[in-house]
Amino acid sequence: MGHVLFVKLSPLIHWPTRDALRQSMPTAFRRFFHKCAIIIDCTEIFIEQQSDLLARAQTWSSYKHHNTVKFLIGITPQGTVSFISPCWGGRASDKVITESSMLIDQLDAGDVVIADRGFTIDEYCRLAMSEVKIPPFTRGKKQLDKVEVDWSRELSIVRIHVERVIGAVMQKFTILGGTLPIALVGNFGDDSTMDKLITVCCGLYNCCPSVVPLD
């Protein structure tokens, strides 16, 4: 049954054409981010602790202080899920997951990817002649200058939408909000059980009204 749902719903995770994106670009993006193709973030789901020590180490998340599976999710400026990476253990970094996800195959020259500071993927995006927009780093600075503060504010207004979508998916599909049993997690790999579960949930989410205001 789960595989049937995956087959039927996976086409709903769709990467729109550039024309389709720009024709319906929400107002908040039009001034500074009209070339935005995707907003990305990684999220984690709690899983039971494995008995295998290597698997336990690979799934340990120092951020969540729990064993997790972690995956990349990308949304359009309009608020639909347009990209999902395969699942990784919670130990994997945002950069590793992104650069292993084949996201680059979806990007066109001139596209803009919006992300948080952890996504230091400038060189990766340049391979597709696209660019990533992230907040400025504060490391080594007492404070940001006015231009950087204004830029961070504008970026946060649009970047927050991916967090809102992730929150909505987790709220609508409570199975993702608990601690998943090892039997359900299965092995990581092409179209793993977890990959299928997340795809089904995000496909169903795309049938719901968007959390992103268009005007």
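Count residues from 1 along the sequence.
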(request) Please list, chain by chain and in numerical order, all residues satisfying side-chain contact (heavy atoms from CB on, under 4.5 Å) with Ser100, sequence neighbours excluded. (result) Trp88, Val96
(request) Kindly write out the residues that satisfy side-chain contact (heavy atoms from CB on, under 4.5 Å) with Ser24, not counting sequence neighbours, or none if the list is empty. (result) Gln78
(request) Verify, without hydrogens or angle tests, whether Asp52 (side chain) and Leu54 (backbone) share a donor-acceptor contact under 3.5 angstrom. (result) yes
(request) May I have all residue pairs that pass salt bridge (Lys or Arg N to Asp or Glu O under 4.0 Å) and include part of residues 7-27, sequence neighbours excluded? (result) Arg18-Asp111
(message) Once ring pair (Phe, Tyr, Trp, His ring centres under 6.0 Å) is applied, what residue pairs with a partner in residues 39-81 remain, sequence neighbours excluded?
(response) Phe46-His66
(request) With sequence neighbours left out, write down each residue that passes side chain to side chain donor-acceptor pair (under 3.5 Å) with Arg56, or none if nothing qualifies. (result) none
(request) Name all residues meeting the side chain to side chain donor-acceptor pair (under 3.5 Å) criterion together with Glu131; count only those two or more places apart in sequence or in a different chain, and write none if there are none. (result) Lys133
(message) Classify the ring geometry of His3 against Phe6: parallel below 30°, tilted from 30° to 60°, perpendicular beyond 60°.
(response) tilted
(message) Determine whether Ile45 and Met194 satisfy the following criterion, side-chain contact (heavy atoms from CB on, under 4.5 Å), listing intermediate values before the conclusion.
(response) CA-CA 10 Å; Ile45 299 171; Met194 276 302 305; 4.0 Å; yes
For residues 198-207, dump all side-chain donor-acceptor pairs below 3.5 Å to protein atoms at least two apart in sequence or in another chain.
residue, atom, partner, partner atom, Å
Thr199, OG1, Asp195, O, 2.8
Asn206, OD1, Val81, N, 2.8
Asn206, ND2, Leu12, O, 3.0
Asn206, ND2, Val81, O, 2.9

(request) Applying ring-ring contact (aromatic ring centres under 6.0 Å, His included), name anything that partners Phe83, two or more places apart in sequence or on another chain. (result) none
(request) Side-chain contact test, heavy atoms from C-beta onward, threshold under 4.5 Å: evaluate it for Ile39 versus Arg159 and give yes or no. (result) yes
(message) Going by side-chain contact (heavy atoms from CB on, under 4.5 Å), name the residues that satisfy it together with Ile160, two or more places apart in sequence or in a different chain.
(response) Glu163, Arg164
(message) Restricting to ring-ring contact (aromatic ring centres under 6.0 Å, His included), what partner residues turn up for Tyr124, sequence neighbours left out?
(response) none
(request) Could you name each residue pair satisfying salt bridge (Lys or Arg N to Asp or Glu O under 4.0 Å) that touches residues 71-94, not counting sequence neighbours? (result) Lys70-Asp94
(message) Give me each pair satisfying side-chain hydrogen bond (donor to acceptor under 3.5 Å, both in side chains) with a member in residues 29-44, each pair once, sequence neighbours excluded.
(response) Glu44-Ser61, Glu44-Thr68
